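No hydrogens, no waters, no symmetry mates; every other heavy atom, side chains included, goes into these values. Every chain is numbered from 1 and lettered A, B, ... according to where its sequence line falls, protein lines coming before strand lines. The shown structure was predicted, so the numbers you read here are calculated from the model rather than taken from an experiment.
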Amino acid sequence: MRPRVFDEAVLPHLDAAFNYARWLTRNDVEAEDVVQDACVRAMRFFSSLRGDDARAWLFTIVRNTWYSRVSRRASVAAGSPLKDGQDQWPDNALDPEERLLQQHTVAVVRAALEQLPVDFREVIVLREIEGLSYKEIAAVVGVPIGTVMSRLARARDRLQTILKLASPRETLR
Amino acid sequence: MSCELVERDLDAYLDRELDAESSTAVREHVTTCAACRRQLAEREALARLVRGAPYYSAPERLRARVLAQATRSQSVRRIFTLAAAAVLVLSVGAGMTLWRSASSRANAIADEVVSDHVRSLMANHLFDVQSTDLHTVKPWFLGKLDFSPPVIDLASIGFPLVGGRLDYIGGRPVAALVYQRQKHTINVFISPEGDDPSVRDLVLTVRGFNIRHWIHNGMSFWAVSDLNSAELSEFAKTLQAS
């Protein structure tokens, strides 16, 4: 059943839209701007909402809005989409002492998520925090389900390394 | 199943995206393979940690701005619609009959279920009785309803009961039970089964919310949440079997 009016479709998912935008941008002010722009677009393209999934539809618009802002600025290295070979991250983002102190706290998890490349970060947020299925994530991100799966697996491997949860895997390789 | 295959399927297994046969194969493999069992435990530990990450709710001023925008654009659209209708009436010179396709009764209820769910979250009126103890929640409904809703806690499978309240569906009072799955709230509306046989087991999505409806022991259940479809199905299935 398609929502009849715009605010019925969008307002219930505003928190989810903001949460997603906040993780994409890692910045409160920018997330607010992105969501507001996205809502203007959503209003304009309201007739493009065919099915029922207003939430996934809104995520897609938030994502597109953010990407078009990023490409306009074209200088946001940290926020740019993942390129091949761009697989390195600063292992020293937290010093070991600090890491020990704060281990497994919200601050550490947040820092770990924020240092992931955005393509990895968003699949983790959509899956673990927003609870989307692989199919829904594929639709929002605009990639095949197989890509969603490999990004999720790589993102999790990397988070485990950052959070020092992983044990050596040589035995399996 | 080999360790390589298990490793490949581990994430899909944890995300409940694996078919039943492969899930069973993974489950059986990890009972006998310590290395894969450890990997699974690590992934589970990671999932618990990540789900503890901050959830950023939209600031009030953003909500107010978006609402103002929506109201403005709708009044503009209404003026255009009225103008267009006036032109049409004038040019045809006759009255016209407008009708809207009547949505089925089930869709009407589903719509109301979603509205109640949204209202309970936005108005901060999720609970009349807030408790994870079903022996507190169940008696609370006594004397407030002319039926006794089944109150079941599913904390053991990760869906803790967190409270209940009175709500209204189709103009009649119903019991609303509130369950939690990580950041997601599930409302379950329970009332005695109506006599409309067209409204039976249903799987719906309305405005981005997943809905499950079923009849059990003479009671009608509507479960609604923004939780993903697979997990809501698991929840509904367990509740039906309880």
task = Take A:Glu32 and B:Arg65 through the test salt bridge (Lys or Arg N to Asp or Glu O under 4.0 Å) and record every step on the way to the result.
result = CA-CA 11 Å; A:Glu32 231 180 287; B:Arg65 277 207 302 268; 3.2 Å; yes

request  = Let me see the working for B:Tyr56 and A:Trp23 under side-chain contact (heavy atoms from CB on, under 4.5 Å), right down to the final yes or no.
outcome  = CA-CA 8 Å; B:Tyr56 300 103; A:Trp23 281 109; 3.6 Å; yes

message = Working note: A:Gln36 + B:Leu62, criterion side-chain contact (heavy atoms from CB on, under 4.5 Å); need CA distance, chi angles, decisive distance, verdict.
response = CA-CA 7 Å; A:Gln36 182 158 8; B:Leu62 175 64; 4.0 Å; yes

ask   = Stepwise, does the side-chain contact (heavy atoms from CB on, under 4.5 Å) test hold for B:Leu49 with A:Val109?
value = CA-CA 7 Å; B:Leu49 274 181; A:Val109 175; 4.1 Å; yes

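The two residues A:Gln160 and B:Leu46 make their nearest non-hydrogen contact at CG-CD2, 3.8 Å. Among all heavy-atom pairs drawn from A:Arg127 and B:Asn228, the shortest one is NH1-ND2, 3.8 Å. Pairing each heavy atom of A:Arg110 with each of B:Pro54, the nearest pair is CD-CG, 3.7 Å. The two atoms that bring B:Ala53 and A:Leu113 nearest to each other are CB-CD1, 3.8 Å, heavy atoms only.
Proximity to chain A (any heavy atom under 4.5 Å) is restricted, for B:Val118, to the side chain, taken from C-beta onward. Contact of A:Val125 with chain B is not made at all, since no heavy-atom distance falls under 4.5 Å.
Taking chain B as the reference chain and counting heavy-atom pairs below 4.5 Å, the highest number among A:Ala21, A:Ala153, A:Ala56 is found for A:Ala153. With respect to chain B, the highest number of heavy-atom pairs below 4.5 Å among A:His13, A:Glu136, A:Glu130, A:Arg22 belongs to A:Arg22. Contact count against chain B (heavy-atom pairs under 4.5 Å) is highest for A:Cys39 among A:Ser150, A:Ala17, A:Ala42, A:Cys39. Highest contact tally toward chain A, considering only B:Arg8, B:Arg61, B:Arg48, B:His117, is held by B:Arg61 [criterion: heavy-atom pairs under 4.5 Å].
Here A:Lys135 does not pair with B:Glu17 in a salt bridge; the nearest charged N to carboxylate O distance is not below 4.0 Å. A salt bridge is absent between A:Arg154 and B:Asp11; no separation between the charged side-chain nitrogens and carboxylate oxygens falls under 4.0 Å.
Atom CG in A:Asp157 sits 8.0 Å away from atom CD in B:Gln39 (nearest 0.5 Å). Note: A:Phe18 CZ to B:Arg63 CZ = 11.0 Å, rounded to the nearest 0.5 Å. Rounded to the nearest 0.5 Å, atoms OG (B:Ser229) and CG (A:Asp53) are 9.5 Å apart. How far CZ of B:Arg51 is from CD1 of A:Ile129: 10.0 Å, rounded to the nearest 0.5 Å.
Between the side chain of A:Arg55 and the backbone N or O of B:Asp226 there is at least one donor-acceptor pair closer than 3.5 Å. When atom types are taken as modelled, the side chain of A:Asp15 and the backbone of B:Ala58 share a donor-acceptor pair closer than 3.5 angstrom. No donor-acceptor distance shorter than 3.5 angstrom exists from the side chain of A:Asn19 to the backbone of B:Tyr55, with no hydrogens or angles considered.
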